[in-house]
Amino acid sequence: MNIWGYMGENCIDLFELQSRLKSGIESLFPEKVWLKAEISALKARPAGHCYMELSQSSETGLIAKAQAVIWSSKFRFLAPFFKSVTGAALAEGMNVLVRVSVNFSQLYGLSLVIDDIDPSFTVGEKERLRRQTIERLEKEGLLELQKELAMPVLPYRLAVISAPDAAGFRDFCRHLEENDYGFVFCPELFPALMQGNAAPESIIGALGGIAASEVPYDLVLIMRGGGAKLDLACYDDYDLAAAIARFPIPVFTAVGHDQDYHVCDMAAYAYLKTPTAMADELIGCYADEDARLLSFGSRLKLAFLNKINSMESRVQMLETRIKSADPRNILGRGYVLAVDGAGVPFKKASERAPGDVVSLMFADGTLRCEVAEVNLKAGKE
């Protein structure tokens, strides 16, 4: 007799339905399979089990999702292994390649039991997306926009985007304040999330705050200290890189370690390896200008001294010429100056006549004479 008194041949109870589904589903996947999916939710329990929601999306939105679990006996090995290879812990938003057993429970429905994970897939997927982002930015001509901006000679008003409690930001401020030259800077913090999936939107929001400010900032500085590669993958985000590229003020980036180079670094006006290196760059701008001004002052002083020396030489030359033209000096060399009775010099004997009174001036005195005879012939010989 069928349940509920129903006489139809197709009537079954729920347990039988679930049992048939279990038999059918598990028979489709008798072996473990490698599965590509995104971690849309993750929760590690105190007991050591890790529960996940795996999903897949298309351009139209979410198209598939399933519950998955890594039992504690596997998770305590897989989690540190994944982090040692990728540099980051398993987290929501990651694309992963996992090996699963397909299970179906009459009580809990479909579930996937994960017993292995390929961390190289996650790293490779991020690199593939990074290359696509770079190609798109290049095609749209965005990677060169920042380089066309004018860099201020002495950047003073600095808009800093960072996490308020970040060690990199504190190192940057301390390095600026303790510079050996005593230069003064005016940094203002615009707080933002600096890692994870929410970081791009948060940093773009901070850029919007800077643009809306009435302060005429000279530079925008985006900084954070080092971190795991997947923690810093947000700096390969297209929207963030495009926002930096289009920003009307020069943007400097200093994100991660020495070897890190992100898409946002490519889009910025300039990038530095660390926040401390960024502080050194700013101090260097002032030091270079200070040296230039000192050099200019030295050159100006030297030019002034050369001008004074040239003028002194001319004065000395004039003094020499004046002295050489002084009649007293001429008379000292044995010459005689002849003047008439009125004291007017004359140079020719023909200008005098017998009876004229003349004076002959020597270096040691003057002779007053009367012309007795003018012998022009004798004077021509």
Give me each pair satisfying ring pair (Phe, Tyr, Trp, His ring centres under 6.0 Å) with a member in residues 92-122, each pair once, sequence neighbours excluded.
none
The reported gap from CG in Leu142 to OG1 in Thr133 (rounded to nearest 0.5 angstrom) is 11.5 Å
Check residues 143-152 and write down every donor-acceptor pair under 3.5 Å in which the side-chain atom is one partner and the other belongs to a residue at least two apart or another chain.
from: Gln146; atom 1: OE1; to: Val251; atom 2: N; distance (Å): 2.7
from: Gln146; atom 1: OE1; to: Tyr269; atom 2: N; distance (Å): 3.3
from: Gln146; atom 1: NE2; to: Ile244; atom 2: O; distance (Å): 3.2
from: Gln146; atom 1: NE2; to: Phe247; atom 2: O; distance (Å): 2.9
from: Gln146; atom 1: NE2; to: Ile249; atom 2: O; distance (Å): 3.2
from: Lys147; atom 1: NZ; to: Leu143; atom 2: O; distance (Å): 3.3
from: Lys147; atom 1: NZ; to: Met266; atom 2: O; distance (Å): 2.5
from: Lys147; atom 1: NZ; to: Ala268; atom 2: O; distance (Å): 2.7

Side chain proximity check, Glu373 to Pro354, heavy atoms < 4.5 angstrom:
no
Any donor-acceptor N or O pair under 3.5 Å, side chains Asn103, Ser111
no
Could I get the full list of side-chain contact (heavy atoms from CB on, under 4.5 Å) partners for Cys186, not counting sequence neighbours?
Tyr156
Qualifying residue, where the test is side chain to side chain contact (heavy atoms under 4.5 Å, CB included) with Glu53 and the options are Lys43, Lys65, Glu92, Glu38:
Lys65
Measuring only between side-chain heavy atoms, which start at C-beta, is Asp236 closer than 4.5 Å to Leu129?
no
Please work out which of the three classes, parallel, tilted or perpendicular, describes the rings of His262 and Tyr235, given edges at 30° and 60°.
tilted
Could you note down all residue pairs passing side-chain hydrogen bond (donor to acceptor under 3.5 Å, both in side chains) where residues 355-368 supplies at least one of them, sequence neighbours left out?
Arg352-Asp356
Report yes if some heavy atom in the side chain of Leu337 is under 4.5 Å from a heavy atom in the side chain of Pro345; otherwise report no.
yes
Under the side-chain contact (heavy atoms from CB on, under 4.5 Å) test, residues paired with Leu107 that sit two or more places apart:
Ser105
Considering residues at least two apart in sequence or located in another chain, which fulfil the side-chain contact (heavy atoms from CB on, under 4.5 Å) criterion with Asp239?
Ile204, Asp237
If the condition is side chain to side chain donor-acceptor pair (under 3.5 Å), which residues does Glu140 pass it with, not counting sequence neighbours?
Arg136, Tyr238
Name every donor-acceptor pair, under 3.5 Å, that has one atom in a side chain of residues 169-179 and the other anywhere in the protein, sequence neighbours excluded.
from: Arg170; atom 1: NH1; to: Asp165; atom 2: O; distance (Å): 2.7
from: Asp171; atom 1: OD1; to: Arg174; atom 2: NH2; distance (Å): 2.6
from: His175; atom 1: NE2; to: Asp280; atom 2: OD1; distance (Å): 2.5
from: Asn179; atom 1: OD1; to: Tyr181; atom 2: N; distance (Å): 3.1
from: Asn179; atom 1: OD1; to: Gly182; atom 2: N; distance (Å): 2.8
from: Asn179; atom 1: OD1; to: Phe183; atom 2: N; distance (Å): 2.9
from: Asn179; atom 1: ND2; to: Leu176; atom 2: O; distance (Å): 2.6
from: Asn179; atom 1: ND2; to: Phe183; atom 2: O; distance (Å): 2.9

So if you build clusters from Ile, Leu, Val, Met, Phe, Trp, Tyr with side-chain heavy-atom gaps below 4.5 Å, do Val215 and Leu158 land together?
no
Drop me the distance from Lys22's NZ to Leu17's CG, to the nearest 0.5 angstrom.
14.0 Å
With sequence neighbours left out, the residues meeting salt bridge (charged side-chain N to carboxylate O under 4.0 Å, His left out) with Arg20 are Glu16
If Ile, Leu, Val, Met, Phe, Trp and Tyr residues are connected whenever their side-chain heavy atoms lie under 4.5 Å apart, and connections chain through other members, are Ile114 and Ile25 in the same group?
yes
Look at atom CD of Glu201 and say whether more than 12 heavy atoms of other residues, nucleotides or ligands are closer to it than 6.0 Å.
no
Rounding to 0.5 Å, atoms OG (Ser162) and CD1 (Ile222) come to a distance of 10.5 Å
Listed by chain and number, what are the salt bridge (charged side-chain N to carboxylate O under 4.0 Å, His left out) partners of Lys83, not counting sequence neighbours?
none
Transitive ILVMFWY cluster of Val113, excluding itself - 4.5 Å side-chain cut-off:
Tyr51, Val69, Trp71
Verify same cluster id: Ile70, Val100 (apolar side-chain graph, 4.5 Å)
yes
What I'd like to find out is whether the side chain of Leu90 reaches to under 4.5 Å of the side chain of Phe75, using heavy atoms alone.
yes
Value for CD1 (Ile117) from CH2 (Trp34), rounded to nearest 0.5 Å, stands at 8.5 Å
Nearest 0.5 Å please: distance from the NZ atom of Lys273 over to the CG atom of Asp265.
12.0 Å
Taking atom CG of Leu193 and atom CZ of Arg224, what is their separation to the nearest 0.5 Å?
11.0 Å
Sorted by chain and number, sequence neighbours left out, side-chain contact (heavy atoms from CB on, under 4.5 Å) with Ala277 holds for Leu272, Thr274
